[in-house]
Amino acid sequence: MATITNNIEINKLQTLLKYTFTIVPIVAGLDKFSNILVQWDTYLAPSTLDMLPFSGATFMMIVGVIEIIAGIIVFTKTQLGAYIVSLWLILIGLSLLLTWHHPDVAVRDMVMAISAYVLARLSTSKS
């Protein structure tokens with residue numbers, strides 16, 4: 001009986017994480033086009049901006065499209081999408097840490113990456 005209860009609770013937590021990692025990347029991705037939540041290009045380190053062949057705003061719109069796609073993949077193919085989001089967040093976190101640009105956001109992204117990884121591990125390839 002305890003195993004059934006534990007499985008039900010795990011499924012509820014998995015569903016919560018699934019919807020979180022569906023909605024948050026889609027909303028953040030859409031916001032890259034409007035900057036309502038934050039001026040996203042300010043998160044780019046000056047050294048990164050210098051390397052881009054286009055503006056930081058354009059780069060963030062490209063990032064936004066990737067995030068929207070990642071959120072959709074989490075919803076449709078949870079395990080694969082969660083691994084993608086986890087890796088994406090690790091890369092963002094590492095880039096922020098390596099440039100020491102917004103280290104607080106880097107730490108937050110690493111924590112979210114761990115959460116996305118947990119979702120991937122809880123999910124089956126059928127979800």
Side-chain angles (χ1 to χ4, degrees):
M1 190 64 155
T3 302
I4 293 171
T5 302
N6 287 342
N7 285 342
I8 291 170
E9 288 303 312
I10 289 169
N11 288 340
K12 286 179 184 177
L13 295 171
Q14 178 187 359
T15 300
L16 177 62
L17 286 171
K18 175 181 178 174
Y19 286 114
T20 298
F21 284 107
T22 295
I23 294 167
V24 171
I26 291 172
V27 169
L30 289 171
D31 194 55
K32 301 295 191 295
F33 294 89
S34 63
N35 294 306
I36 292 170
L37 298 173
V38 68
Q39 186 66 39
W40 289 99
D41 58 353
T42 62
Y43 284 93
L44 293 170
S47 58
T48 303
L49 282 170
D50 291 341
M51 292 187 297
L52 295 176
F54 37 73
S55 71
T58 300
F59 177 76
M60 293 313 280
M61 287 182 198
I62 294 167
V63 167
V65 170
I66 293 167
E67 289 174 339
I68 292 165
I69 292 168
I72 293 168
I73 295 171
V74 169
F75 187 72
T76 59
K77 297 185 181 295
T78 303
Q79 187 175 49
L80 173 63
Y83 280 126
I84 291 169
V85 169
S86 181
L87 179 61
W88 182 253
L89 288 165
I90 288 169
L91 292 173
I92 293 169
L94 288 176
S95 73
L96 292 172
L97 284 174
L98 291 173
T99 59
W100 205 247
H101 195 71
H102 295 288
D104 56 326
V105 176
V107 171
R108 180 209 60 199
D109 284 355
M110 296 304 244
V111 170
M112 289 188 339
I114 292 167
S115 300
Y117 178 78
V118 169
L119 173 60
R121 297 288 295 159
L122 288 173
S123 301
T124 65
S125 57
K126 295 176 187 169
S127 60

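When a residue number appears, it is its place in the shown sequence, counting from 1. Computed from a predicted structure; not experimentally measured.
Between V74 and the choices I84, L119, L17, the side chain to side chain contact (heavy atoms under 4.5 Å, CB included) rule is met once, by L119.
When all heavy atoms are compared, the tightest approach of Q14 to S123 is NE2-OG, 3.1 Å. Taking every heavy atom of both residues into account, S86 and A113 meet most closely at OG-O, 2.9 Å. Heavy atoms only, all atoms of each residue included: L97 and A106 are closest at CG-CB, 3.5 Å. Between L30 and I68 the shortest heavy-atom distance is CD2-CD1, 3.7 Å.
To the nearest 0.5 angstrom, H102 atom NE2 is 13.0 Å from I92 atom CD1. The distance from the CG atom of L49 to the CZ atom of F54 is 10.5 Å, given to the nearest 0.5 Å. Note that the CG atom of L96 and the CG atom of L44 stand 8.5 Å from one another [nearest 0.5 Å]. Once rounded to the nearest 0.5 Å, the distance linking CZ of F33 with CG of N35 reads 10.5 Å. From S95, atom OG reaches atom OH of Y43 across 12.5 Å, with rounding to the nearest 0.5 Å. Annotation: the span from K32 atom NZ to F59 atom CZ amounts to 10.0 Å, rounded to 0.5 Å.
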Could you walk me through whether V118 and L13 pass side chain to side chain contact (heavy atoms under 4.5 Å, CB included), step by step? CA-CA 10 Å; V118 169; L13 295 171; over 6 Å; no
Does the pair M61 and T58 meet the rule for a side chain to side chain contact (heavy atoms under 4.5 Å, CB included), with working shown? CA-CA 5 Å; M61 287 182 198; T58 300; 5.6 Å; no
Can M112 and D109 be said to form a side chain to side chain contact (heavy atoms under 4.5 Å, CB included), step by step? CA-CA 5 Å; M112 289 188 339; D109 284 355; 3.6 Å; yes
Stepwise side chain to side chain contact (heavy atoms under 4.5 Å, CB included) test for S47 and T99: CA-CA 8 Å; S47 58; T99 59; 4.1 Å; yes
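Under a hydrophobic clustering in which Ile, Leu, Val, Met, Phe, Trp and Tyr are joined whenever their side-chain heavy atoms come within less than 4.5 Å, directly or via other members, L122 and Y117 fall into different clusters. M110 is not connected to V105 by any chain of hydrophobic side-chain contacts under 4.5 Å among Ile, Leu, Val, Met, Phe, Trp and Tyr, and they are in different clusters. Taking hydrophobic clusters as Ile, Leu, Val, Met, Phe, Trp and Tyr residues chained together by side-chain heavy-atom distances below 4.5 Å, F75 does not share a cluster with V24. By the rule that hydrophobic residues join a cluster once side-chain heavy atoms approach within less than 4.5 Å of another member, I66 and L37 end up as members of separate clusters. Placement of I62 and M60 within a single hydrophobic cluster is found when ILVMFWY residues are connected by side-chain heavy-atom separations under 4.5 Å, directly or transitively.
Judged purely by atom type and a 3.5 angstrom limit, E67 has no side-chain atom pairing as donor or acceptor with the backbone of I26. Of the possible polar contacts, one joining the N11 side chain to the N7 backbone as a donor-acceptor pair under 3.5 Å is found. Side-chain atoms of T22 come within 3.5 Å of backbone N or O of K18 as a donor-acceptor pair.
For Y19, the OH atom is loosely surrounded, since the number of other residues' heavy atoms within 6.0 Å does not exceed 12.
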